[in-house]
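These notes concern the structure reproduced below.
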2 protein chains.
Amino acid sequence: MGKGEQTRQAILDEAFSLASCCGVGGLSIGVLAERTHMSKSGLFAHFGSKEELQLAVLRESQQRFADVVLRPAFRLPRGLARLRAIVINWLDWTKVANLPGGCVINAAAAEFDDQPGPLRDEVKHSLLALRRTLVDTVKKAVEAGELRPDTDAEQIAFELEGIYQVTQQSRRLLDDPDADRRALAAFDRLVRDHAVIHAKE
Amino acid sequence: MGKGEQTRQAILDEAFSLASCCGVGGLSIGVLAERTHMSKSGLFAHFGSKEELQLAVLRESQQRFADVVLRPAFRLPRGLARLRAIVINWLDWTKVANLPGGCVINAAAAEFDDQPGPLRDEVKHSLLALRRTLVDTVKKAVEAGELRPDTDAEQIAFELEGIYQVTQQSRRLLDDPDADRRALAAFDRLVRDHAVIHAKE
DNA sequence: CACCTTATAGAACGATCGTTCGTTTGTGTC
DNA sequence: GACACAAACGAACGATCGTTCTATAAGGTG
C-alpha cells in the first residue's frame, strides 16, 4: 500500500468516528484536518470534494458493517441460528466498531432521506442491500423447515429493522437499560409467530 | 395577540417546516430570515440565540404532535380502538402537519442523541412523554379486558416505536410502497399476540 | 545524483455562520 | 403633538466553511 493510500485510510478512520458523532453532513474538513494533524488542503487533495469524502465514509461504514456483523454470522449454518447471530451482532455493532456516536449509515438515512443526490443514493443502496440480506436469510430458514412456508420474508426484514432502530434510540437517547432485553423479546416473538408448529405434548 | 407574538409565531411556522427538511441543527438564521422576509437581526431578536430558536421549534413540534395525533385519538373510547387511532394518526402525521421532510423530533433524536445539552434534553423529554402515553393507553386496554392481564405495556410501546421508525425510513428513503401495509401488519400481529383468547369454536 | 511523480503545506478566496450594536421605524398612551 | 416602548433594520464583527492556487517536501526510479 503506497503512502497515499495509507494516509487516505488514516483520514477515513478518523472521519468514520467523527461522522459517528457529527453525522456525515456535519463532517468538517477543518476539524478533520486538525484531528489528523494535516493541513486542510493536504487532506482535501485526497478526495477532491467534500461530497467525495462523505461518500467514502459511507462506503467505509458499509464495509465495516459487513465485516463485523454479516461475515461472522455467515460462518454459522443457514437458518434461524444465522438470523439470530445477525441480529445480535447488529444490535451491538456500534460498540464493536469505533462508533461512539452511533451507526453512521442509520444517522445518514435520517439526514438525507429528503435530499436527492449521490449521498442519499449511497445510503439507500446500503440499506437495500441489508434488507436483501435479511430477506435471504429468512428464506433460508424457511427452506430449512424452521419457519413456516407461508412466511413473508420481507415483512420479517421490515420488522427487524424496526427493532434495531428503536433499540438504538432507546439506548442512546432515552438511556433505557431494558432496551437490549426488549429487543430480544421482540425478536423472539417475531420468530415464534412464524415458527413451524411442533407436536404438542 | 400582540404584534411581537404574531411575528414570532410566523417565524416559528416557517422554521418548523424548514427544520423538517434541514433538521433542527441545520436551521440557519440567514435562510430563515429571507424566507420570512425579515432581516437576520430582526428575526434574531425574537429568540436571543439560535439554541432558543431550536428549542422553540422542538416545543412547537411537540405541541402539533399532540394536536394532530393524540387529541383526536383521545376522543375515542379507551382501549384498543384508541391505541389503533394513535398509531394510524402517528404514521400519517407528517402528511397532515406541514412536514415535507419528516418528523422534526424524530430527526432531532438521531441528531442529538450523543450531544449533551438542552436540545437533547428537550428531545428526550418529548419522546419519554410519548412513550408514557403509549404505555398508559395499552394499560387501559388491559383494564378494559381487551389485552391479557400479563401484558407488558412497556414492551408494546417499545415495539410500536420500532414500527413507526422503520415505516418512516421505508417510505421516505427506500420508497417502499408496501410500508404502510407492513406497518399495519406488524401492529395487528402485536395486538393479536397479546389479545385475550376468545372461546374457540 | 538528477528526475519526475506524488504528497503535503500555506495562504488566500468568497460565502455563510451566529451574534452585537446603534439606529430607525412603527404603535399605542398621555 | 410629545413621549415611551417595542419591533425591525442595516452594517459590521470574528469565526468557520469548502475550495483553489502556488510552492515546498518527500518518494521512487533511472
Side-chain angles (χ1 to χ4, degrees), chain A residues 1-16 18-58 60 104 107-108 111-112 115-120 122, chain B residues 1-16 18-58 60 104 107-108 111-112 115-120 122:
Chain A
M1 182 160 63
K3 178 84 158 72
E5 268 307 312
Q6 198 171 329
T7 309
R8 188 188 145 102
Q9 191 56 49
I11 296 171
L12 233 48
D13 284 352
E14 192 61 40
F16 183 63
L18 182 59
S20 167
C21 298
C22 316
V24 173
L27 276 175
S28 149
I29 309 253
V31 173
L32 194 51
E34 75 180 18
R35 287 225 198 182
T36 52
H37 309 288
M38 290 184 64
S39 65
K40 283 204 302 177
S41 53
L43 187 149
F44 185 85
H46 283 272
F47 301 94
S49 75
K50 182 180 178 180
E51 195 173 58
E52 277 301 324
L53 167 65
Q54 294 172 308
L55 283 171
V57 169
L58 288 177
E60 175 78 14
V104 172
E111 204 173 348
F112 298 114
Q115 296 179 19
L119 294 174
R120 193 192 114 111
E122 183 68 32
Chain B
M1 183 160 64
K3 179 87 158 69
E5 269 305 313
Q6 198 171 331
T7 307
R8 188 188 146 104
Q9 191 57 47
I11 296 171
L12 233 50
D13 284 351
E14 192 61 40
F16 182 63
L18 182 60
S20 167
C21 299
C22 316
V24 173
L27 275 175
S28 150
I29 309 253
V31 172
L32 194 51
E34 74 181 17
R35 286 225 198 183
T36 51
H37 309 289
M38 289 184 65
S39 65
K40 284 205 300 176
S41 54
L43 187 148
F44 185 86
H46 282 272
F47 301 93
S49 77
K50 181 181 178 180
E51 195 173 57
E52 277 300 324
L53 166 65
Q54 294 171 310
L55 283 171
V57 169
L58 287 177
E60 174 78 14
V104 171
E111 205 173 349
F112 298 114
Q115 297 178 17
L119 293 173
R120 193 191 113 111
E122 183 68 31

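So that the names make sense, note that chain A is the first sequence line, chain B the second, and so on, each numbered from 1.
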### Summary
Taken to the nearest whole Å, CD1/A:Ile11 to C1'/C:dT8 is 10 Å
### Message
Under 4.0 Å from OP1 or OP2 of D:dA8: is there any side-chain N or O of B:His46 that close?
### Response
yes
### Message
Nearest whole Å is fine: how far is C:dG18 C1' from B:Glu52 CD?
### Response
14 Å
### Message
What's B:Ala45 touching, base or sugar-phosphate or nothing? Going by heavy atoms closer than 4.0 Å.
### Response
nothing
#### Entry: Whole-Å distance separating the CG atom of A:Leu43 from the P atom of C:dA7
13 Å
### Task
Using a 4.5 Å cut-off on heavy atoms from C-beta on, say whether the side chain of A:Glu60 contacts that of A:Gln9.
yes
### Message
Would B:Thr7 and B:Met38 count as a side-chain contact (heavy atoms from CB on, under 4.5 Å) here? Give the steps.
### Response
CA-CA 10 Å; B:Thr7 307; B:Met38 289 184 65; 3.9 Å; yes
#### Entry: Nucleotide of C:dG18, D:dA8, C:dT8 approaching B:Ser28 most closely (side-chain heavy atoms)
C:dG18
### Query
Is B:Leu32 touching bases, backbone alone, or none of the nucleic acid, heavy atoms closer than 4.0 Å?
nothing
### Query
Okay, side chain of A:Ser20, backbone of A:Phe16: is any donor-acceptor separation there less than 3.5 Å?
no
### 5' precedence on DNA chain D between A:Val31 and B:Met38 (nearest-nucleotide basis)
B:Met38
### Query
How long is the gap from CD on A:Gln6 to CD1 on A:Ile11, to the nearest 0.5 Å?
11.5 Å
### Message
Without decimals, in angstroms, what is the distance between B:Glu34 CD and C:dT16 P?
### Response
9 Å
### Query
Run the side-chain contact (heavy atoms from CB on, under 4.5 Å) check on B:Phe47 and B:Leu12 step by step: do they pass?
CA-CA 10 Å; B:Phe47 301 93; B:Leu12 233 50; 3.6 Å; yes
### Query
Where the side chain of A:Glu122 meets the backbone of A:Leu55, is there a donor-acceptor pair that is under 3.5 Å apart?
no
### Touch class at under 4.0 angstrom, heavy-atom based, for B:Leu53 against every strand present
nothing
### Task
Determine, for nucleotides 19-30 of chain D in 5'-to-3' order, which nucleotides have protein heavy atoms under 4.0 Å from the base (write B), from only the sugar-phosphate (write S), or from neither (write -).
BB----------
### Task
Return the value, rounded to whole Å, for the distance between atom CD of A:Gln54 and atom C1' of D:dC17.
13 Å
### Query
Between CD of A:Glu111 and CZ of A:Arg120, what distance do you get to the nearest 0.5 Å?
13.5 Å
